[in-house]
Amino acid sequence: MQVLVIGRGGREHAIVWKLKQSPKVTKLYCAPGNAGIAAQAECVPINEHSFDELVAFAKEKHIDLVVVGPEDPLFAGAADAFEAEDIAVFGPRKDAAIIEGSKAFTKDLMKKYNIPTAAYETFDNFEEALAYVRKQGAPIVIKADGLAAGKGVTVAATLEEAEDALRTIMLDKAFGEAGDKVVVEEFLQGQEMSILSFVDGTTVKPMPAAQDHKQIFDNDEGPNTGGMGTYSPVPHIPQSVYDEAIRTIVKPTAEAMVKEGRPFRGVLFAGLMITPAGPKTIEFNCRFGDPETQVVLSRLESDLSELFLATVEGRLNEVEPKWSDESAVCVVLAAGGYPGPYNKGDVIEGLDLASESVVFHAGTAHDKEGRIVTNGGRLLGVTATGATIDEARRKAYADVDRIRYEGKQYRTDIGKKAL
Ligand code: AMP
Ligand code: GLY
C-alpha cells in the first residue's frame, strides 16, 4: 500500500513513524513534511491547501490511501477533493469537519442530542453579548465561533477580562470572520482529559485517554499554546469516568452526526472536563491531537494502516485495536519566545544522542549544509514509554537534556499530575 500523509507537525511525524512499522505499507510520502519526517517518508514540497496539486500527485503515484493530519485542510474540503477523484482518504468531509470548525454548530448539536457540555448562549450582536455576560458574571468563558488556531478562547476570571475578550473578538475582529459569532459559556471546573476515537460513521473505537498541557509554563501558568506535552494513560481518572464519557459523549455524538446527514469518518477528538457532575464536553476536534498523537500512537500495538483502511471502508466493527499497558510521556521542546515571536534557523544539536525516547519533529527543517535547524514554535516532541508514567518521564527528560539549541524552552512538569 502506498500512503500519502498531509501535514508538517509532530502529529504527522508520529503517524508516519507508526505507518512505517506496517509490513503492508510499501511506500510513504508526506506533503510537505519536516526534517524528521524526511528520515521515514519521501517529503514532497506541496502545501496542505493545494488540493489540485495534491490530487494530481496522488493520481500520478497511484496512492492507495491519503491521511489528512491538520484541521484547516479538512475544514476547507481536503477529504471531499480526494473522494471526488475516488482516492481513499482518512479524515472527515467538510460537512463533518464543522464539528471543529464551528463552535456554534457543535454547541447546538450537543443541546439537540442531550450531550453533556457547559451551558452557553451564542451571539452575533456585541451589545447583546455584553448584556448577557454582565448578567451571568465571572468566571465565564468567551469563545470565537470559528477556527482561531487555539487562540480564540478566553477563560475570564473577572468581568473586565470577559468584556475585553468580547471587544477583541467582535469589535476589533482579532480573529477575522471567526469572530462574527461568539459563544459565551459556563465556566467548568475539573481535570481535563482528551479521548481520541476512530469513527467510521456509527462505529466508535476509542483510543486510551491522554492529558495535554496547554499553558507555556510549569504549573499551568502563562498563555495557551498548541500543547506543551502529554501523557497517557491518565491514571488518576477512573475507568468508570472514561466509560461514561464514551457512553454519554463520544458515541452519541457520532450517532448525532449520522442523523444530521453528516457522518463523521476519521479521528474524533473529544476535549473533556471531568467535573463533579461527570464528564462534560469542552470541544470536539476533527483530527488527531498534537501532541496527544505522539503518546497515544506510541502505545498502539496494532497496524495503523489497517485501522485507517477499516475506518475509510466503514468496517471498524471488524477490527479491535490493541494498546500496550505501558505509559507514554511526550515533552515538547519549543523555540524561545513561543507562543509569542521566536527565532528560526538555529541549529539543533544532540538529536543523535537521544537514546531513550523517540523524538518526533514538528517545526524543524534542513539548512543548506544539511543541519537540522529550528523552523517553528513547537520544534520537537521527545516521547518515551515505560512501565509507569514516572519511568517514561525520567527517560523523556534524560533525552530532553541531551538536545541543545539557542533559546530552548520546555515545561519540566509534564505528567506530574499523574504521580
Ligand atoms: P478550547 O479551544 O475550546 O479547547 O479551549 C481552550 C482551553 O480553554 C481548554 O483546554 C480549557 O482549558 C479552557 N476552557 C474552554 N472551555 C472551558 C469551560 N467552559 N470552562 C473552563 N475552561 C474552559
Ligand atoms: N493538543 C490539542 C489539540 O491538538 O487540539
Side-chain angles (χ1 to χ4, degrees), residues 14 18 110 113-118 188-200 202-214 220 227 229-256 264 266-285 288-302 304 307 310-311 316-330 383-394 396 413-419:
K18 192 67 208 172
M110 290 190 280
Y113 291 93
N114 278 317
I115 294 159
T117 186
L188 297 176
Q189 210 147 16
Q191 286 261 355
E192 280 185 61
M193 175 165 92
S194 308
I195 302 181
L196 285 60
S197 305
F198 295 100
V199 178
D200 71 356
T202 42
T203 303
V204 171
K205 296 284 170 175
M207 307 183 211
Q211 197 168 53
D212 193 6
H213 298 67
K214 289 211 165 124
D220 295 337
T230 40
Y231 61 94
S232 174
V234 185
H236 51 292
I237 295 179
Q239 180 69 33
S240 58
V241 173
Y242 173 93
D243 293 342
E244 183 183 345
I246 301 300
R247 191 179 68 246
T248 62
I249 295 173
V250 183
K251 286 190 175 164
T253 299
E255 282 161 19
F264 188 97
V267 169
L268 182 63
F269 170 141
L272 307 171
M273 189 73 86
I274 310 307
T275 76
K280 293 195 180 186
T281 315
I282 297 175
E283 63 166 351
F284 285 110
N285 295 320
F288 277 104
D290 190 344
E292 284 85 350
T293 309
Q294 289 84 322
V295 285
V296 169
L297 291 189
S298 290
R299 299 184 55 208
L300 177 64
E301 291 176 342
S302 312
L304 183 59
L307 293 170
T311 305
L316 263 182
N317 60 333
E318 292 170 13
V319 297
E320 206 46 68
K322 283 204 178 60
W323 304 97
S324 117
D325 290 332
E326 286 207 311
S327 297
V329 170
C330 169
T383 307
T385 54
T388 59
I389 297 270
D390 206 18
E391 189 192 335
R393 261 173 64 80
R394 194 191 50 70
D413 63 349
I414 303 302
K416 256 195 174 161
K417 280 189 200 136
L419 299 183

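Values below: every heavy atom of this structure, side chains too, minus hydrogens, waters and symmetry copies.
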Checklist entry - Quick one: side chain to side chain donor-acceptor pair (under 3.5 Å) partners of Glu326, sequence neighbours excluded? => result Thr385
Next on the checklist: Quick one, Thr253 with Val250, criterion side-chain contact (heavy atoms from CB on, under 4.5 Å). Give me CA distance, side-chain angles, the key distance, then yes/no.
Outcome noted: CA-CA 5 Å; Thr253 299; Val250 183; 6.0 Å; no
Checklist entry - Taking only residues two or more places apart in sequence, or in another chain, which ones meet Gln189 in a side chain to side chain donor-acceptor pair (under 3.5 Å)? => result none
Checklist entry - If every non-hydrogen atom of Asn317 is compared with every non-hydrogen atom of Asp200, which pair is closest and at what distance? => result N-OD2, 4.5 Å
Item to check | Beyond-backbone contact of Gln191 with Val234, side-chain heavy atoms, under 4.5 angstrom | outcome: no
Item to check | side chain to side chain contact (heavy atoms under 4.5 Å, CB included) partners for Glu320, two or more places apart | outcome: Lys205
Next on the checklist: Distance check, rounded to the nearest 0.5 Å: Leu272 atom CG versus Leu188 atom CG?
Outcome noted: 10.5 Å
Checklist outcome for this item: With sequence neighbours left out, the residues meeting side chain to side chain contact (heavy atoms under 4.5 Å, CB included) with Ser194 are Leu196, Phe269, Glu292
Checklist entry - To the nearest 0.5 Å, what is the distance between OG1 (Thr248) and CG (Asn114)? => result 11.0 Å
Checklist outcome for this item: So CE of Met207 and OG1 of Thr293: to nearest 0.5 Å the spacing works out to 7.5 Å
Checklist entry - Would you say Phe288 and Val296 make side-chain contact, with heavy atoms under 4.5 Å? => result no
Checklist entry - With sequence neighbours excluded, what pairs up with Thr117 under the side chain to side chain donor-acceptor pair (under 3.5 Å) test? => result Lys107
Item to check | Residues in side chain to side chain contact (heavy atoms under 4.5 Å, CB included) contact with Glu391, at least two apart in sequence or another chain | outcome: Ala387, Thr388, Arg394, Lys395
Item to check | Considering all heavy atoms, the nearest Ser298-Ala328 contact | outcome: CB-CB, 4.3 Å
Next on the checklist: Would you compute the distance between atom CD of Glu301 and atom NZ of Lys18 and round it to the nearest 0.5 angstrom?
Outcome noted: 8.0 Å
Item to check | Residues forming a side chain to side chain contact (heavy atoms under 4.5 Å, CB included) with Glu318, sequence neighbours excluded | outcome: Arg315
Next on the checklist: Heavy-atom count check: over 12 atoms from other residues, nucleotides or ligands less than 6.0 Å from Lys251 NZ?
Outcome noted: no
Checklist entry - Is there a donor-acceptor pair closer than 3.5 Å between any side-chain N or O of Thr311 and the backbone N or O of Val199? => result no
Item to check | Validation row: Cys330, Ile414 side chains within 4.5 angstrom (heavy atoms) | outcome: no
Next on the checklist: As an exercise, state the distance from CG of Leu316 to OG1 of Thr203, rounded to the nearest 0.5 Å.
Outcome noted: 6.0 Å
Next on the checklist: With a 4.5 Å cut-off on side-chain heavy atoms, are Leu300 and Trp323 touching?
Outcome noted: yes
Checklist entry - What's the shortest heavy-atom distance between Pro291 and Gly229, and which atoms? => result CG-N, 3.9 Å
Next on the checklist: So, taking the atom named CG in Asp212 and the one named CG in Asp290, what distance separates them when rounded to the nearest 0.5 Å?
Outcome noted: 9.0 Å
Checklist entry - Which heavy-atom pair separates Leu304 from Phe198 by the least distance, and what is that distance? => result CD1-CZ, 4.0 Å
Checklist outcome for this item: Residues at least two apart in sequence or cross-chain that pass side chain to side chain donor-acceptor pair (under 3.5 Å) with Asp413, listed by chain then number, are Arg411
Item to check | Closest approach of Ala209 to Ser232 (non-hydrogen atoms, all atoms of both residues) | outcome: O-OG, 2.7 Å
Item to check | Where at least one partner belongs to residues 272-281, residue pairs that pass side-chain hydrogen bond (donor to acceptor under 3.5 Å, both in side chains), sequence neighbours excluded | outcome: none
Next on the checklist: My understanding is that only residues two or more places apart in sequence, or in another chain, count here; which of them pass salt bridge (Lys or Arg N to Asp or Glu O under 4.0 Å) with Lys416?
Outcome noted: none
Checklist outcome for this item: Looking only at heavy atoms, the pair that brings Ala384 and Ala396 closest together is CB-N, 3.6 Å
Item to check | Glu283: partners by salt bridge (Lys or Arg N to Asp or Glu O under 4.0 Å), with sequence neighbours left out | outcome: Lys214
Item to check | Working for side-chain contact (heavy atoms from CB on, under 4.5 Å), residues Ile274 and Tyr242 | outcome: CA-CA 9 Å; Ile274 310 307; Tyr242 173 93; over 6 Å; no
Next on the checklist: Using only atom types and a distance under 3.5 Å, with no angle test, would you say the side chain of Gln211 pairs donor to acceptor with the backbone of Glu192?
Outcome noted: yes
Checklist entry - Do Val204 and Phe264 have side chains that get closer than 4.5 Å, going by heavy atoms? => result no
Item to check | Sub-4.5 Å side-chain heavy-atom contact between Tyr113 and Glu255 | outcome: no
Checklist entry - For His236 and Ile389, what are the C-alpha separation, side-chain angles and deciding distance, and is it a side-chain contact (heavy atoms from CB on, under 4.5 Å)? => result CA-CA 11 Å; His236 51 292; Ile389 297 270; over 6 Å; no
